[in-house]
Every structure is written in C-alpha cells, then in structure tokens.
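Written below as structure tokens is the structure these notes are about.
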Amino acid sequence: MKKILLFFFIIPNLFSQKIIIPVEEKSNHLMNNHKIDTYEFRDVNNVFDKFVGKWLYVDCDNTIKIEIKNYYSTSNRQDAIGINVLFIKKSDTLINTLNLKQIEYSFITGGFFNDLKNTNCTSVIMSDILDTTRIVICGNVSQIDLVFVEPNKLIWNINKRKSHLFTKTAQIFPSSFMFIKLKD
C-alpha cells in the first residue's frame, strides 16, 4: 500500500517540474512558446547583479536615491529587480520607499530584456502612486529603461513613446538622467 501511495505522490511531481529559462530570454521565449505555465525564468547568468546596489542622482532641484535589489516574483515566475526610491524636489520629499522591508512591494519592479544580446539594458515597470505617504499603488504603469553604462553609472529613461503608459507618478520624475553608484 505504501508503494502505491508513493507512486501517486512522486510520479506527478516528476512530470510537473518547471523548465528553467534564463531571465534575459523571457521576451523571446514567450513570443515563441504559448504554454508559459511550465516555465520559470531565473537569473542563472547573474545579469541583474550589475544593477543591484544604491544609486544617486543630484541636480539643482532634485535628489533621487534608489536602491535596487534582487527578488523572486511569484506572480511572474521570474527572478526580478525591485527599486525603492527617495525623491526630494526643492527640499520637499515627494516619494520615500527606502524603508520598505520587502522589495517585491515596491512600486518599481520587473526586469525584462528586449534585446537578447544586450543585458546592459533592462526595463522595469513603475506603478502610479495614489498616496505618497502610504504608497498606495494603482494599476497604471510606466516603463523605465535602465541602461548600465559602466560599473558606476546607470542611465534612467522613462519611456514616453507609448503615451498610455506615461503615468502621473512618472511625470514628476525627470525623464532621463544618470545615476552614480554609491559605495556600500
């Protein structure tokens, strides 16, 4: 009897294994494969590591500090990055999520690669924030392209090409600027 029970528990698990796909191949893989429930997209090549860390941008009016961390997105079945932000404009704090303990609850998350050959450019999604004191997120999103230039520089570009993706939260940020990596 024990052998029969083991058969019913072990055999289905053997066939339900997730197929691991490198996260940088996700966009291309999903276009060519429609049964996505069997795939898991993992950072097996450590392509997100170069983005991880604390970054700073300062100009006359703005101070923007971000912290990028790795995490696993269960809803997307993929390794991803999350970004917490401190945004000060003319000495007024507009956004501060640096104190969030769980990075997956950040309003900027994701990490997909449009070009398989260029893992120095990844895109994340910025949700629209309804209440900056409590970080209440609504369903509207904007796309941010992050370009890793060299070990201590990161370019931030808010993608304005698709106007329906340009949210109110995205409008308060400069559309394009360069971060300098901070030492830990």
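Everything quoted here is computed from the prediction, not taken from an experiment.
- In the hydrophobic clustering of ILVMFWY residues, with side-chain heavy atoms under 4.5 Å counting as a link, W156 and V52 come out apart.
- To the nearest 0.5 angstrom, I68 atom CD1 is 12.0 Å from D49 atom CG.
- Considering only heavy atoms from C-beta on, F112 comes within 4.5 Å of Q143 through its side chain.
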Item to check | Residues I180, W55; criterion side chain to side chain contact (heavy atoms under 4.5 Å, CB included); working and verdict | outcome: CA-CA 5 Å; I180 303 297; W55 301 84; 5.9 Å; no
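- Looking at K18 and Y39, their side chains never come closer than 4.5 Å, going by heavy atoms from C-beta outward.
- Linking Ile, Leu, Val, Met, Phe, Trp and Tyr residues whenever their side-chain heavy atoms come within less than 4.5 Å leaves I66 and M178 in two separate clusters.
- Here the shortest heavy-atom pairing between N114 and S123 reads ND2-OG, 3.8 Å.
- Aromatic ring centroids of F48 and Y71 lie 6.0 Å or more apart.
- Applying the side-chain contact (heavy atoms from CB on, under 4.5 Å) test between S127 and each of I108, T169, V141 identifies V141 as the sole match.
- Closest non-hydrogen pair, A80 versus G110, comes out as CB-O, 3.3 Å.
- A distance-only check finds no donor-acceptor pair linking the side chain of T97 to the backbone of S106 [under 3.5 Å].
- Taking the side-chain contact (heavy atoms from CB on, under 4.5 Å) definition, one finds that K89 meets it with N62, F87, L94, sequence neighbours left out.
- Atom SG in C60 sits 10.0 Å away from atom NZ in K90 (nearest 0.5 Å).
- Following chains of ILVMFWY side-chain contacts shorter than 4.5 Å, one cannot reach I155 starting from F113, and the two form parts of different hydrophobic clusters.
- In the hydrophobic clustering of ILVMFWY residues, with side-chain heavy atoms under 4.5 Å counting as a link, Y72 and I20 come out apart.
- In this structure, N45 contributes its side chain and V47 its backbone to no donor-acceptor pair below 3.5 Å.
- Looking at heavy atoms from C-beta onward, F41 lies out of side-chain contact with D79 at the 4.5 angstrom threshold.
- Put simply, CG on N99 and CD on E67 are 11.0 Å apart, with the number rounded to the nearest 0.5 Å.
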Item to check | side chain to side chain contact (heavy atoms under 4.5 Å, CB included) assessment of I125 paired with I144 | outcome: CA-CA 6 Å; I125 301 300; I144 300 169; over 6 Å; no
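- For S75, the side-chain hydrogen bond (donor to acceptor under 3.5 Å, both in side chains) partners at least two apart in sequence or on another chain are S73.
- F107 has its side chain within reach of I95: a pair of non-hydrogen atoms, C-beta onward, lies under 4.5 Å apart.
- Using a 4.5 Å heavy-atom cutoff, the side chains of I83 and T109 are not in contact.
- Distance alone, capped at 3.5 Å, places no donor-acceptor pair between the N84 side chain and the L98 backbone.
- Using cut-offs of 30° and 60° on the angle between ring planes, the pair F179 and F177 is perpendicular.
- When side chains are defined from C-beta on, I64 does not count as touching V58, because their heavy atoms never get closer than 4.5 Å.
- Side-chain contact between K181 and K153 is absent, with no heavy-atom pair separated by less than 4.5 Å.
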Checklist entry - Can you check side chain to side chain contact (heavy atoms under 4.5 Å, CB included) on L146 and F51, steps first, answer last? => result CA-CA 8 Å; L146 299 173; F51 298 97; 4.1 Å; yes
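- Atom CG of N96 and atom CG of L86 lie 4.5 Å apart (nearest 0.5 Å).
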Next on the checklist: Run the side chain to side chain contact (heavy atoms under 4.5 Å, CB included) test on V147 and L154 for me, step by step, so that the C-alpha distance in whole Å, both residues' side-chain angles and the decisive distance to 0.1 Å come before the verdict.
Outcome noted: CA-CA 6 Å; V147 182; L154 181 70; 5.8 Å; no
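- Between E40 and R42, at least one side-chain N (NZ, or NE/NH1/NH2) sits under 4.0 Å from a carboxylate O, which counts as a salt bridge.
- No single ILVMFWY cluster, assembled from side-chain heavy atoms under 4.5 Å apart, contains both V85 and I88.
- Distance alone, capped at 3.5 Å, is enough to place a donor-acceptor pair between the D115 side chain and the K117 backbone.
- Contact detail for V23 and G111: the closest heavy-atom pair is CG2-O, 4.2 Å.
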